[in-house]
Each structure stands twice: as structure tokens, then as C-alpha cells.
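Remarks on the structure that follows.
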Amino acid sequence: MNNKSAFLNGFASGIPIGLGYFAVSFSLGIVARKAGLDPVQGFVASFFNLASAGEYALFTSIEQCVTYLEVALITFVVNARYLLMSCALSQRFLPDTSFYHRFFVAFGITDEIFGISIAQKGSLNPFYNYGAMAVAVPLWSIGTSLGIIAGNNLPQTVVSSLSVALYGMFIAIIIPAAKKDLTIAFAVSISFLLSWGFSVLPFIKNLSSGNRTIILTVVISALLAYFKPVQYEDS
């Protein structure tokens, strides 16, 4: 498949992803607006982050005026899974694929773009990813900007209602996985419990929410990875 065909196939695959991103990022824009970002800042933040959980952590951290170091750490921890996706996807390129192609494909990896890319048969053409990114990334970024604009102009009751949509999205992500895997269900439950506990315990409650999130994420994931590692069937 030549580069043009790969790009067009990727673009077609990216259209439904981009439409879904637009809806989600619009809700993120409401959160960004509460953090004090303007539409341009929201666009730039979304363009360079490309992660719903990562951006939510970013915007809420900005709203709470945490330090730059905390912002960097929490976004790194929340987005760390993309390092693994990049490693997996790099194995699908031909050996002579240039560093620049690998770099820009890695920049545009999201859960959904990784899914459609890894499902491609044979070696992966970077232009397939570029096609998907060409529609998904702009819609994600524009959705955030429009969410901020809407938050500045809509009545407060409507803005509050739209803010709930993002929490609904997170619930929609974790509940199906928790129903299929008791380990995930335990992780989600203990995360809720400890998150509440950290907000009321002496000394710990004085930590910023960003630091509390970093501690909980690293500790819970590390313990579960040690005691309940994912089992793979032998091929």
C-alpha cells in the first residue's frame, strides 16, 4: 500500500474517533474554563496532550494552583501507558522506518488510534497513523476550545450539567472493565476508598490533590502488578 492510500485509509478510520473525541473534549473544555484557560490555551493544551485522563488531571491541577513539578509528575503518571503503546507499535514498523516517522507516530498515539493501528495486518505504514491523526487531533483540540467558549457564555446551570458528562465518561470506562475482572474492580474500589481517606486523614489531607493522586496511582498500581500480575496464555 502506497503512502497516499495508507493516509486516506487512516483518515477514514479516524473520522468516527474524531467525532467521539470532539464530544469528550467539549466536556474537558468546561473543566479547562473553570481552571481559567482561554480557548487558545485550551487548544494548545489538548493538541499537545491528547489524553482525556491526562488533561483532566492537568486542568484540575491548574485550577488548584499546584506547582509545575506536580503538574509534570501527575500528567506523566497518568499518561505513562502511552510509553508501552509506543514500544508495542514500534515493533510493527519496517526496520528502515526513520526516527522522524517513529517520533511523530508516537506523538499521536491515543488509546483508540493505537487500537486501529495495531489491528492493521502486516507492517504498519506511518502514513496510516498520520491520516487518523489528521482528523482526530484537530477535532479533539477544537472541541476543547469550543467547550471553553460555551462555558463562558452558557448559563451556570448548563455549565454545571456539562461538567458531569466527563465523570460519566470515566464511569463508562471503568465499570465494564471492572465487571469482567475482579482485580480491576478491587483496584477501582480501593482507589475510591483511599482517595476519600487521603482527603480527611491528618497531615496527608494537607498535601495537594495532585500529590495525593500521584501517590495513590503509583502505590496501588505497583502493589497490584506485584501481587496480581496480568496472566498471558502461551501462544
**Prompt:** Remaining members of W196's ILVMFWY cluster at a side-chain heavy-atom cut-off under 4.5 Å?
**Reply:** V200
**Message:** Atom CG of residue position L193 - does it have more than 12 heavy atoms of other residues, nucleotides or ligands inside 6.0 Å?
**Reply:** yes
**Request:** Please work out whether the ring planes of F47 and F107 are parallel, tilted or perpendicular, with thresholds of 30° and 60°.
**Result:** tilted
**Request:** Could you state whether L182 and I190 fall into the same hydrophobic cluster, counting links through intermediate Ile, Leu, Val, Met, Phe, Trp or Tyr residues with side-chain heavy atoms under 4.5 angstrom apart?
**Result:** no
**Prompt:** Closest approach of I15 and V135, non-hydrogen atoms and distance?
**Reply:** N-CG1, 3.7 Å
**Message:** Can you confirm whether V105 sits close enough to Y128 that some side-chain heavy atom of one is under 4.5 Å from a side-chain heavy atom of the other?
**Reply:** no
**Request:** Ignoring hydrogens and angles, tell me if any N or O in the side chain of S25 forms a donor-acceptor pair with the backbone of F22 under 3.5 Å.
**Result:** yes
**Request:** Could you pull out the closest heavy-atom pair between L19 and L139, with the gap in Å?
**Result:** N-CD1, 3.9 Å
**Request:** For the residue pair T97 and P126, establish whether any side-chain heavy-atom pair is separated by less than 4.5 Å.
**Result:** yes
**Item:** Sequence neighbours excluded - side chain to side chain donor-acceptor pair (under 3.5 Å) pairs with any residue from residues 129-139
**Value:** H101-Y130, S117-N129
**Item:** Test item: side-chain donor near acceptor, S61 and E70, under 3.5 Å
**Value:** no
**Item:** Where at least one partner belongs to residues 92-119, residue pairs that pass salt bridge (charged side-chain N to carboxylate O under 4.0 Å, His left out), sequence neighbours excluded
**Value:** R81-D111
**Prompt:** Looking at E55 and W140, what are the two nearest heavy atoms and their distance?
**Reply:** OE2-NE1, 2.6 Å
**Message:** Ignoring hydrogens, what is the shortest heavy-atom contact between G108 and I113? Give both atom names and the distance.
**Reply:** O-CD1, 3.5 Å
**Asked** Rounded to the nearest 0.5 Å, what separation is found between the CZ atom of F186 and the OG atom of S191?
**Response** 9.0 Å
**Request:** Heavy atoms only: give me the nearest I148-D38 pair and the separation to one decimal.
**Result:** CD1-O, 3.4 Å
**Message:** Show the nearest heavy-atom pair for residues I149 and P39, with the distance to one decimal.
**Reply:** CG1-CG, 3.6 Å
**Message:** I'd like to know if the side chain of N79 and the backbone of T75 have a donor-acceptor N/O pair within less than 3.5 Å.
**Reply:** yes
